[in-house]
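Below is one structure; the comments refer to it alone.
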Amino acid sequence: MAKTYITTAIPYVNGAPHIGHAMDYCLADTFARYARLRGDEVRFQAGVDEHGNKIFQKASSLRIPVQEYVNKNAQSFKDFISDLNVSNTDFIRTTDVEHVRRCQEIWTRLRNHIYKAKYEGWYCSGCERFVTQKEHDENHGICPDHAKAYEKLSEENYYLRISDFKEQIKKAIETNEMRILPEFRKNEVLALLDESPDVSVSRSTVQLTWGVSVPDDDTQVMYVWIDALSNYITVLGYPDQDISAWWPAAAQFVGKDILRFHAIIWPAMLLGLGLPLPKVILSHGFVLANGQKMSKTIGNVVDPMDVLQRHGIDAFRYYFLRHVDTFLDSDFTWDKFEESYNNELANDLGNLVQRLAAIMAKNNLEYSAEQEYCFSGEYIKLMDDFEFARAFDLVWEKVRAINRQIDEKKPWELAKAGKNSELAECLKGLVARLLTVNYELSPFLPNVTGKISEIFTGNVRPPETPLFPKEQKK
RNA sequence: CGCGGGGUAGAGCAGCCUGGUAGCUCGUUUGGCUCAUAACCAAAAGGUCGUUGGUUCAAAUCCAACCCCCGCAACCA
C-alpha cells in the first residue's frame, strides 16, 4: 500500500481561525480523502505555530500566562478543524515538548550551515521590530504608527546560509523534482531564489523570549523559521524515528504569501539535514471579499464560523472547493454563497436525491449496490494535478446529466402504466449512476455523500428532512 | 523599465501553450414536464474577446507597443 504524507500550513495562533485557514484545510483534506479512496495509506498533519513576540504580548495584554493563552487558541483551531470535518491524522503544536527537543536537535544538525553575524538596521521601539531601508525611506524615517523616529540598532544573530543550497534548490524546482504549483509561481520563486540572502534564524533574548532556546547559547532564541518549518518532520518523529516511509511529503499545502519560505528556506533546511525535498508545494490564492483583501481595518472580514452556521459543513466545503479557484484569488460574497447553495446543492443535488428516493419509496423498491465504485480517468487526471475546482465541475456535470436522464426516461409514466419491472430496472440504473457520482463527490463532501449512500441502501426512503433545506419564503 | 496575476455576453469564469464558424454556469425571456426541495428539462436573446499595429489564407489564440485593475516586495492563508 502506497504511503502518502500531506501537510497544511500551521497557523500563527494570535487570533481566531479565518477563512484562509479553512481554504488550506479544505484543499488538503480533499486530497487526503481522494488518496485514501485511491488505496493509499495517508498521514495528514495539521497544527499550530505558538511562539513569538506577538503571542507573548497578546497574552500579557490579556493578563494571562502565555502557555494558557496558547492552549486556549490551539484548542480553538482543533475545534475548527473538526468542524470542517478535516481528516487529519496528526496535530502538532510548536510548544509540544517533543517538538521543542527535536527542533533543537535539528538546529544542532544544521550547525555547519549556521553562522553568527551582526545585523544592523532601522528599528522602531514602538513596534519592537526592524524595518527595511525601503520602509524607513517611505516613512521618511518616522514610524507612522508611533510617530517616533526609527533608531539605528545592531544585533548579533544566527544566520542560515541559504547560499549553500541555492543551486540544488534551483535545480530541484526547474526539473520539477520539487514541483511548485501553480506553474506560474515557479518563475516567481526562481527569481526570488536568486536574490535570497542568508536568513536570520534567531533573536536575542532581549528581544524575544517566547520561543525555543538555541542549543548551547542561552542569549539567543530561535526565530520562527527553524521552529515552525521543522514541524512537518518533527510530527513524524524526526530525528528520533526513521521517517523515510512518509517523507518526502506527497504535497504540502500553503498560502501564496508563505510560498517563498516553503520553497526556499524549508528546502535549504531539508538539504542541510540530508533529507529529500517534498514532491509538491501547492500554493493557493486568497479569498477576497468583494474583490478586496479581507482586513480588520477595512472591516470586511467574513468569519468562517458564520458561513459554517449558515448552511452547515457541506455547503461550506462546496463553496470553497468549487467556487473558489484553487490557485488564484477568488471572491467570497454572501450572495454567491446563497446562490450556489440554492441552485446547485439544493436544486441540482438535493432535489435529485429527493426525486429518485421518493419515486422508489412510492413503489416500495429496494436498492443494493452491486458494483465496485471507481474514479473516472478524467477525474483522476484532474485530482492528481490538484485541479480540485475543475474536478468538481466535472462531477457536477454528471449530477446534472442524471437529472436530464430522469426527464428523458420518464419513470413516472412507467409507474402509471404499471410496468413495474421496467420501472425497477430504470430506477436501478439511475441510482447506480447517482452512486457512482456520489463516490467521486465524497472527497469533497464527506458528510452528505455518506447520507446519500445510506438513503440508497436497502429500503429506499427519502430523508426525513431535505439534504439541503431552503429557507421558507416569506 | 522591481516581480507576478488579470482585462472574453448583465455577473463569475473556460478557451490562449498545440491559430481554423466564440463556450460554460448564474441571471433574463419563452416553452415543456409534473417523480421532486415553486424543484427538473428544452429553446432564445445577449459579446467589435482592454487598445493600436504586425505575422498569416485565417488571430481571443502568435509577435510588438500601449492603457486599465489587482496582488507581492522577511513572516496576515
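Naming convention: chains lettered A, B, ... in sequence-line order (proteins, then strands); numbering from 1 in each chain.
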What is the nucleic acid contact for [X], judged by heavy atoms within less than 4.0 Å: base, sugar-phosphate only, or nothing?
X: A:A346; value: base
X: A:P197; value: base
X: A:H18; value: base
X: A:E408; value: nothing
X: A:G52; value: nothing
X: A:K186; value: nothing
X: A:K410; value: nothing
X: A:L352; value: nothing
X: A:F253; value: nothing
X: A:V353; value: nothing
X: A:G255; value: sugar-phosphate

Charged N to carboxylate O under 4.0 angstrom, A:K336 versus A:E339?
-> no
SB check A:R33 A:D29 (cutoff 4.0 Å) | yes
Using the [atom1] atoms only, state how far [M] lies from [N], rounded to an integer number of Å.
N: B:rG7; M: B:rC13; atom1: P; answer: 9 Å
N: B:rG54; M: B:rG10; atom1: P; answer: 29 Å
N: B:rC26; M: B:rA43; atom1: P; answer: 13 Å
N: B:rG27; M: B:rG12; atom1: C1'; answer: 11 Å
N: B:rA14; M: B:rG53; atom1: C1'; answer: 28 Å
N: B:rU18; M: B:rA60; atom1: C1'; answer: 16 Å
N: B:rC1; M: B:rC63; atom1: P; answer: 23 Å
N: B:rU8; M: B:rC68; atom1: C1'; answer: 16 Å

Could you please name the partner base of [N], counting Watson-Crick and G-U wobble pairs only when both distances are under 3.5 Å?
N: B:rC76; answer: none
N: B:rC33; answer: none
N: B:rA22; answer: none
N: B:rG47; answer: none
N: B:rC62; answer: B:rG54

d([atom1], [X]; [atom2], [N]) in whole Å:
X: A:D348; N: B:rU37; atom1: CG; atom2: P; value: 16 Å
X: A:I455; N: B:rA36; atom1: CD1; atom2: C1'; value: 13 Å
X: A:W412; N: B:rU34; atom1: CH2; atom2: P; value: 7 Å
X: A:F332; N: B:rA11; atom1: CZ; atom2: P; value: 21 Å
X: A:Q354; N: B:rU34; atom1: CD; atom2: C1'; value: 15 Å
X: A:K256; N: B:rC70; atom1: NZ; atom2: C1'; value: 9 Å
X: A:F286; N: B:rG4; atom1: CZ; atom2: C1'; value: 14 Å
X: A:Y319; N: B:rC26; atom1: OH; atom2: P; value: 15 Å

Per [X] side chain, nearest of listed nucleotides [options]:
X: A:I258; options: B:rC26, B:rA77, B:rC40; result: B:rA77
X: A:P466; options: B:rU37, B:rC76, B:rA14; result: B:rU37
X: A:R355; options: B:rA74, B:rC40, B:rG5; result: B:rC40
X: A:R390; options: B:rA73, B:rG15, B:rG5; result: B:rG15
X: A:R185; options: B:rG4, B:rU37, B:rC76; result: B:rG4

Specify the residue among A:S200 and A:H21 whose closest nucleotide of RNA chain B lies further upstream toward the 5′ end.
-> A:S200
RNA chain B nearest-nucleotide lookup for A:N343 and A:D24: closer to the 5′ end is A:N343
For the pair A:W225 and A:F261, name the ring-plane relationship: parallel under 30°, tilted 30 to 60°, perpendicular over 60°.
-> tilted
Would you tell me if any nitrogen or oxygen in the side chain of A:K470 comes within less than 4.0 Å of OP1 or OP2 on B:rA39?
-> yes
For A:R400 and B:rU25, is the shortest distance between a side-chain N/O and OP1 or OP2 below 4.0 Å?
-> yes
Establish, from distance only, whether the side-chain atoms of A:N73 and A:E50 form a donor-acceptor pair under 3.5 Å.
-> no
Can you find a side-chain donor-acceptor pair between A:T94 and A:N231 that sits under 3.5 Å?
-> no
Spatial distance of atom CG (A:L110) from atom CG (A:L160) [nearest 0.5 Å] = 6.5 Å
A:H284 ring center near A:F320 ring center (under 6.0 Å) | no
Where do A:F332 and A:Y319 land on the ring pair (Phe, Tyr, Trp, His ring centres under 6.0 Å) test, with the steps shown first?
-> CA-CA 9 Å; A:F332 174 89; A:Y319 188 88; 5.2 Å; yes
